[in-house]
There are 2 protein chains.
Amino acid sequence: MQTVRYYEREGLLDTPARSGSGYRMYGPAHVERLNFIRHCRSLDMPLADVKRLLELSRDRGVSCDDVNDLVQGHLERVRAKRAALQALETQLGALRAQCDAGHRVADCGILEELIHAAQGEACACHPEPHGARAAGARKRA
Amino acid sequence: MQTVRYYEREGLLDTPARSGSGYRMYGPAHVERLNFIRHCRSLDMPLADVKRLLELSRDRGVSCDDVNDLVQGHLERVRAKRAALQALETQLGALRAQCDAGHRVADCGILEELIHAAQGEACACHPEPHGARAAGARKRA
DNA sequence: TGCAGACCTTGTAGCTACTATAGGGTCAAG
DNA sequence: CTTGACCCTATAGTAGCTACAAGGTCTGCA
C-alpha cells in the first residue's frame, strides 16, 4: 500500500481525488495504471523506464522506436546480468568443491582458496592469477 | 578509496594506525584483508557473509560447516536468481517480438501488450492470465 | 618563503524500489 | 462509547557503494 503512495510521489500515478476526511479515492483508471506498472515491474523494468513508457503511450501518433529501444535495452541488460550470474555460478561451484563437510576451519579448502587468492595467487574460482593487475593499493609507511 | 573507509566503518577492516596529522597508515595485513574482501565481493557475496567468513577464519579449530553452508547458500541464491533472469529473458524476448521498428505508438505491439495485460488479459510475456502470476518464482508447466 | 596542486580528512547526501515504524485521524460495528 | 481495522503523514532503514563539499596536509618548484 505504501508502494502505491510511492508511485504517486514518484509521478507514476496521478494524484487521486480525496474524500472529505482526506482519504484517497481511486478510480478504474488508477487501477489500470497500477496494473500497467506492476506488469512492467514483473518484467523487472526500472521505474524510470516505466515512467518513460507511460509518457510515450500518451503521444499515440509518435514513432514507437523509443518503445522498442527501451525494451530492447532492458532485454540486453537482463541478458548480460544472466550471463554474469551464470559465470558466477561456475565460480562458486568450483569454490564449493574445495571443501567437504566435517573438518575444521584450519583445513577448510574454501577458506584456503579465499586466503590464497587474497595473496594474489590463482584460485579455483578465478582460474587466472590475480597478480597481473593487483597491487593498486597506495601505501605510505 | 571511500570504499575502504566504508569497510572500516562496517567493521570488516581493522582501523589502521594514524600518522601525526591523522592520515591512515595501512600495513600488509590491511592489504591482504582488503584483497580477501574484494575477492569475496567479486563472487558477489554480501558483506555480511564476508564478515562472517572473516570471523570464522579466526577460529581455526572450529568446524568449517558454517563456511560450507555459507558458500552453499550463496551459490543457491545465485542459481535461483540466474534461473529467474533466464525466464525473464524469455518473457522480454516475447514482448520484444510484438513490435517491429518504424510505426507509431498507436500501433505499437509492445505497448498494446502492456496495456492489455494491465486490463487483466493474457499477454505474450506472461502466457497465463494475470490471476495466477506471482513475482518471479513461477514455472511453466 | 610562497604557492599550486595533489592528496588526505570528515561528514553528508544520493542511488533503487521499496518496507517498516511512529504517531496520529477516521470509520463502522457492537 | 469503545474497539479495532483501516487511513493519513513523515521519517528512517535496506546494500554497497559513489559523489560532493569544505577543509587540512604534503610535495615540488621558483
Side-chain angles (χ1 to χ4, degrees), chain A residues 1-27 30-31 33-54 70 73-74 76-78 80-81 84-85 88 92 135-141, chain B residues 1-27 30-31 33-55 70 73-74 76-78 80-81 84-85 88 92 114 133-137:
Chain A
M1 207 57 205
Q2 286 102 323
T3 303
V4 177
R5 254 105 76 174
Y6 173 71
Y7 292 156
E8 185 187 331
R9 266 203 310 285
E10 296 298 305
L12 284 115
L13 277 173
D14 293 335
T15 61
R18 299 294 185 115
S19 74
S21 52
Y23 284 23
R24 285 173 183 78
M25 292 182 307
Y26 296 107
H30 290 100
V31 174
R33 180 88 91 123
L34 179 58
N35 281 331
F36 182 97
I37 298 171
R38 293 211 298 185
H39 189 193
C40 292
R41 288 292 302 135
S42 83
L43 297 169
D44 213 27
M45 281 186 204
L47 288 182
D49 283 13
V50 180
K51 199 171 182 182
R52 187 95 187 88
L53 281 181
L54 287 168
L70 194 150
H74 181 48
E76 270 154 28
R77 283 195 303 275
V78 168
K81 201 162 185 183
L85 281 185
L88 193 53
L92 281 170
R138 216 175 299 256
K139 278 182 297 180
R140 60 173 56 236
Chain B
M1 207 57 205
Q2 286 101 323
T3 305
V4 177
R5 253 104 77 175
Y6 174 72
Y7 292 157
E8 185 188 332
R9 264 204 311 287
E10 296 298 306
L12 284 116
L13 277 173
D14 292 335
T15 61
R18 298 296 185 115
S19 75
S21 52
Y23 284 21
R24 286 172 181 79
M25 292 183 305
Y26 296 106
H30 290 101
V31 174
R33 180 86 90 119
L34 179 58
N35 281 331
F36 182 97
I37 298 170
R38 293 212 296 187
H39 189 193
C40 291
R41 289 293 301 136
S42 83
L43 296 170
D44 214 27
M45 280 185 204
L47 288 183
D49 283 12
V50 180
K51 199 169 180 183
R52 187 95 188 89
L53 281 181
L54 286 168
E55 285 162 14
L70 193 150
H74 182 46
E76 269 154 29
R77 283 195 304 274
V78 168
K81 201 163 186 182
L85 281 185
L88 193 53
L92 280 170
L114 291 172
R133 192 158 47 77

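Chain letters run A, B, ... following the sequence lines, proteins first and then strands; every chain starts at 1.
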Under a 4.0 Å heavy-atom criterion, the protein footprint on nucleotides 22-28 of chain C, written with B, S and -, is ---BBS-
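- For Leu43(B) and dG16(D), the CG to C1' distance is 16 Å, given to the nearest whole Å.
- Side-chain proximity of Pro46(A) to the nucleotides dC17(D), dA17(C), dT9(D) is greatest for dA17(C).
- Contact between Leu12(B) and Leu54(B) at its shortest, heavy atoms only, is O-CD1, 3.8 Å.
- Under 4.0 Å is where a charged nitrogen must lie from a carboxylate oxygen, and between Arg52(B) and Glu55(B) at least one such pair does.
- Using a cutoff of 4.0 Å between basic side-chain nitrogens and carboxylate oxygens, Glu10(B) and Lys51(B) are not scored as salt-bridged.
- Distance CZ (Arg9(A)) to P (dC8(D)): 12 Å, rounded to an integer number of Å.
- Salt bridge present: Asp49(B) and Arg77(B) bring a charged side-chain N and a carboxylate O closer than 4.0 Å.
- Spacing between atom OH of Tyr7(A) and atom C1' of dT19(C) amounts to 12 Å, rounded to whole angstrom units.
- Between Arg18(A) and dT9(D) there is a side-chain N or O to OP1 or OP2 distance below 4.0 Å.
- Counting heavy atoms from C-beta outward, Tyr26(B) and Val4(B) have side chains that approach closer than 4.5 Å.
- Rounded to whole Å, atom C1' of dC8(C) lies 10 Å from atom OH of Tyr26(B).
- Residue Leu13(A) comes nearest to His30(A) through the heavy atom pair CD2-O, 3.9 Å, listed as atom of the first residue, atom of the second, then distance.
- Taking the side chain of Arg41(B) as heavy atoms from C-beta on, and the options dA17(C), dT10(C), dG16(D), the nearest nucleotide is dG16(D).
- Both Asp44(B) and Arg24(A) sit near DNA chain D, but only Arg24(A) has its closest nucleotide nearer the 5' end.
- Side-chain N/O atoms of Thr3(A) include one lying less than 4.0 angstrom from OP1 or OP2 on dT19(C).
- Note: CZ (Arg5(B)) to C1' (dG11(C)) measures 11 Å, nearest angstrom.
- In this structure the side chain of Arg18(B) never reaches within 4.5 angstrom of the side chain of Met25(B), judged on heavy atoms.
- Straight-line distance from the CG atom of Leu34(A) to the P atom of dC18(C): 11 Å, rounded to whole Å.
- We find that CE of Met1(B) is positioned 17 Å from C1' of dG16(D), with the value rounded to whole Å.
- Atom CG in Leu12(B) sits roughly 13 Å away from atom C1' in dC17(D) (whole-Å rounding).
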